[in-house]
Amino acid sequence: MDEPNVLLLDEPTNDLDIDTLQQLEDLLDSWAGTMVVVSHDRYLVERVCDTVVALLGDGRITHLVGGIDEYLRRLAETQPAAVAAAPTVISGAAEQRNARKTLARLERRLETLNTRIKRLNEEMAEAGADADRLTELDTQLRTVRTEQEELEEQWLTAAELAG
């Protein structure tokens, strides 16, 4: 246990500020051991992973030689509308400023959602054996987490555009 050589990471960049995120990326990029990373953070995956695999909905794990780009290509083949909704790369200082503003707005909203998730978890712990209250809180929690996932995807897109 003094010298681990395997890391299992599930969404390691969630809830991190930019400085902490950069430090984590630097640490993982220099990690000499084996990592299994589950993440929606495209930049992190492309930076620290040598091999990319995906679950494409067919019940199998698929090795993606072309990485995230191959995943997006396959997604476009099976779900053209989803890829059509994906943002295009923009350039220019004005667009980057807008992307940074969007990032700040999304970060504030994500912070609010994280606080709400913590509060809901606390309320669930306090609800004890009240099944009706637990069901109600669980429904609220699922809704908030879904919104959080959507905002995280928007944040990743804005982060790429902000440069």
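Only this structure's heavy atoms are used, side chains among them; waters, hydrogens and symmetry mates stay out.
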Note to self: According to salt bridge (charged side-chain N to carboxylate O under 4.0 Å, His left out), who are the partners of D10, at least two apart in sequence or on a separate chain?
What the structure shows: none
Next item on the list: State, to 0.1 Å, how close L103 and A159 come at their nearest heavy-atom pair, and which atoms those are.
Entry: CD2-N, 3.7 Å
Next item on the list: With rounding to the nearest 0.5 Å, note down the distance linking CG in L113 to OG1 in T143.
Entry: 11.0 Å
Notebook entry, point to check: Who else is in the cluster with I61 when I, L, V, M, F, W and Y are joined by side-chain contacts under 4.5 Å?
Noted result: V53, L55
Notebook entry, point to check: Which pair of non-hydrogen atoms, one from L24 and one from P12, has the smallest distance, and what is that distance?
Noted result: CD2-O, 3.6 Å
Next item on the list: Using side-chain hydrogen bond (donor to acceptor under 3.5 Å, both in side chains) as the criterion, list what pairs up with D69, not counting sequence neighbours.
Entry: R42
Notebook entry, point to check: Considering only heavy atoms from C-beta outward, does the side chain of L7 approach that of L28 to under 4.5 Å?
Noted result: yes
Check: Who pairs with D26 by salt bridge (charged side-chain N to carboxylate O under 4.0 Å, His left out), at least two apart in sequence or on another chain?
Finding: R47
Check: With side chains defined as the heavy atoms from C-beta onward, is the minimum distance between T13 and S39 less than 4.5 Å?
Finding: yes
Next item on the list: Say whether L27 and L9 are linked into one hydrophobic cluster, either directly or through other cluster members, by side-chain heavy-atom distances under 4.5 angstrom.
Entry: no
Check: Which atoms form the tightest heavy-atom contact between L134 and M124, and what is the distance?
Finding: CD2-O, 3.4 Å
Next item on the list: Name all residues meeting the salt bridge (charged side-chain N to carboxylate O under 4.0 Å, His left out) criterion together with D132; count only those two or more places apart in sequence or in a different chain, and write none if there are none.
Entry: none
Checklist line | side-chain contact (heavy atoms from CB on, under 4.5 Å) partners for Q23, two or more places apart | finding: none
Notebook entry, point to check: Just wondering, are more than 12 heavy atoms of other shown residues or ligands nearer than 6.0 Å to CD in E111?
Noted result: no
Check: Is any side-chain heavy atom of Y71 closer than 4.5 Å to a side-chain heavy atom of L56?
Finding: yes
Margin query: Is there a side-chain contact between L137 and Q140 in this structure, where contact means two heavy atoms from C-beta onward sitting under 4.5 Å apart?
Written below: yes
Notebook entry, point to check: At their closest point, which heavy atom of L120 faces which heavy atom of V144, and how far apart are they?
Noted result: CD1-CG2, 4.1 Å
Note to self: Rounded at 0.5 Å granularity, tell me how far CD in E122 sits from CZ in R119.
What the structure shows: 8.5 Å
Item checked: For E107, side-chain hydrogen bond (donor to acceptor under 3.5 Å, both in side chains) partners two or more places apart -> W155
Note to self: My understanding is that only residues two or more places apart in sequence, or in another chain, count here; which of them pass side-chain hydrogen bond (donor to acceptor under 3.5 Å, both in side chains) with E11?
What the structure shows: H40
Checklist line | Side-chain touch T112/R116, heavy atoms, less than 4.5 angstrom | finding: no
Check: With ILVMFWY side chains joined below 4.5 Å, transitively, what does V36's cluster contain besides itself?
Finding: V6, L8
Notebook entry, point to check: Below 4.0 angstrom, N of the basic side chain to O of the carboxylate: do E77 and R73 qualify?
Noted result: yes
Notebook entry, point to check: Taking C-beta and beyond as the side chain, do R74 and T62 meet within less than 4.5 Å on heavy atoms?
Noted result: yes
Next item on the list: Kindly write out the residues that satisfy side-chain hydrogen bond (donor to acceptor under 3.5 Å, both in side chains) with T20, not counting sequence neighbours, or none if the list is empty.
Entry: D17
Checklist line | R108: partners by salt bridge (charged side-chain N to carboxylate O under 4.0 Å, His left out), with sequence neighbours left out | finding: none
Check: Can you tell me how far CD1 of I68 sits from CG of L75, rounded to the nearest 0.5 angstrom?
Finding: 11.5 Å
Checklist line | Inter- and intrachain pairs under salt bridge (charged side-chain N to carboxylate O under 4.0 Å, His left out), touching residues 135-152, at least two apart | finding: R109-E147, R133-E136, D138-R142
Next item on the list: Over all heavy atoms of both residues, which pair between E25 and L44 is shortest? Give the atoms and the distance, please.
Entry: CG-CD1, 3.7 Å
Item checked: Heavy-atom closest contact (N114 atom, Q148 atom, distance) -> OD1-NE2, 2.6 Å
Note to self: Show, in sequence, the C-alpha distance, side-chain angles and deciding distance for N5 and T34, and conclude whether the side-chain contact (heavy atoms from CB on, under 4.5 Å) test is met.
What the structure shows: CA-CA 6 Å; N5 62 358; T34 300; over 6 Å; no
